[in-house]
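The structure appears below as structure tokens.
Read the numbers this way: they start at 1 and go in the same order the structure lists the ligands and their atoms.
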Amino acid sequence: MQIQKVIDEITHDVQSKLANFDGEVASYIPALASVRPDQFAMAVHTVEGETFYGGDCEKLFTIQSVSKVLTLTLALQRYGNELWQRVGKEPSGTAFNSLTQLEFEQGKPRNPFINAGAIVTCDALYSRLSAPTHHMLETVRWLSGNQRININQLVSRSEYQHRHRNAAMAHLMASFNNFENEVDEVLKVYFGFCAIEMNCVELAKTFSYLANKGVDVASQQRILSTKQNSQLNSLLFTSGLYDAAGDFAYRVGMPGKSGVGGAIVAIVPGQFTVAVWSPKLNSYGNSSAGLYALEQFANKLSLHLF
Ligand code: GLN
């Protein structure tokens, strides 16, 4: 009841000033540039299986970089600690699509939540799965509880057509022998993951395992070991919002992951997953209204972890 009341208050507050938030809708591909900026949704999924929500929760959006958490989860299931030979665990301090650091650090991306890190993790998955896209969709449909979850093909194809920077990262990694498969084939998989479409309630539900010691709340199936789940949350805390992870830690105080579709997922361990969505992005590629909403939420319910 308390959670619903707070969501209602925040939704009302944010919706009354949506036009005033700084930033622009992602414009690097036409399919994202046409999304209406004045939208907001917020949802909570508790470890007891309760759902609370407000705003435009029926609207679908592409999860973009939030998918990097799922990619890492599937890769950890298959590789365990071996994965860290190919991708690091440190905050990047540079933009999510930066190329320069990758050159300095000889083709090993700083962490799995920037583009290069997620692309190399996709490459690792591609080596172990015969149908990675199918496997990811099956996983997301099961976790979200919606069998109709799909990839927005318009967005995915548009990303592929405008792939130069991500392709450059993959080729650079290949030049340092940190790539195993055909670059374009792996990129198709990566863009498909980014273009998975769902609503805010489904997003909160999909990541319920992160708040629940690695166990999916609805099915009670283990997704990650308790230890892997703690480690993943730690990495989200230090790197989930790219080079703005420090600001997020300061303002919101929980592990989180953002995407250029305007979604942010945050985790209160042992209690719930909270998802927000609003498409206007700040200069770091994080949702402006989403950050504000999460900060309010953390303040009103005293959720800051420290
Ligand atoms: N699809 C986007 C890209 O590869 C994802 C980036 C993001 O959400 N930050 O550029």
- Item | Phe191 six-ring centre to Arg163 NZ/CZ under 6.0 Å and within 45° of normal | no
- Query: In Å, rounded to the nearest 0.5 Å, how long is the span from OG1 of Thr51 to CD of Glu202?
  - Reply: 10.5 Å
- Aromatic contact, Phe248 with Tyr284 (centres under 6.0 Å): no
- Message: Quick check against the 3.5 Å criterion: does Thr238 have a side-chain atom that pairs as donor or acceptor with the backbone of Ser234?
- Response: yes
- Message: Do the side chains of Arg141 and Glu138 get close enough for a salt bridge, i.e. N-O under 4.0 angstrom?
- Response: yes
Ligand 1 polar-atom proximity to protein (N/O, under 3.5 Å):
unit_1, atom_1, unit_2, atom_2, d
ligand 1, 1 (N), Tyr28, OH, 3.2
ligand 1, 1 (N), Gln64, OE1, 2.6
ligand 1, 1 (N), Glu159, OE1, 3.1
ligand 1, 1 (N), Glu159, OE2, 3.0
ligand 1, 4 (O), Asn115, ND2, 3.2
ligand 1, 4 (O), Asn166, ND2, 3.1
ligand 1, 4 (O), Tyr190, OH, 2.8
ligand 1, 8 (O), Ser65, N, 3.1
ligand 1, 8 (O), Ser65, OG, 2.8
ligand 1, 8 (O), Val260, N, 2.9
ligand 1, 9 (N), Ser65, OG, 3.0
ligand 1, 9 (N), Tyr242, OH, 2.8
ligand 1, 10 (O), Asn115, ND2, 3.2

- Query: When clusters are formed from ILVMFWY side-chain contacts under 4.5 Å, directly or step by step, what else is grouped with Val260?
  - Reply: Tyr28, Ile29, Leu32, Phe96, Ile114, Val155, Tyr242, Leu281
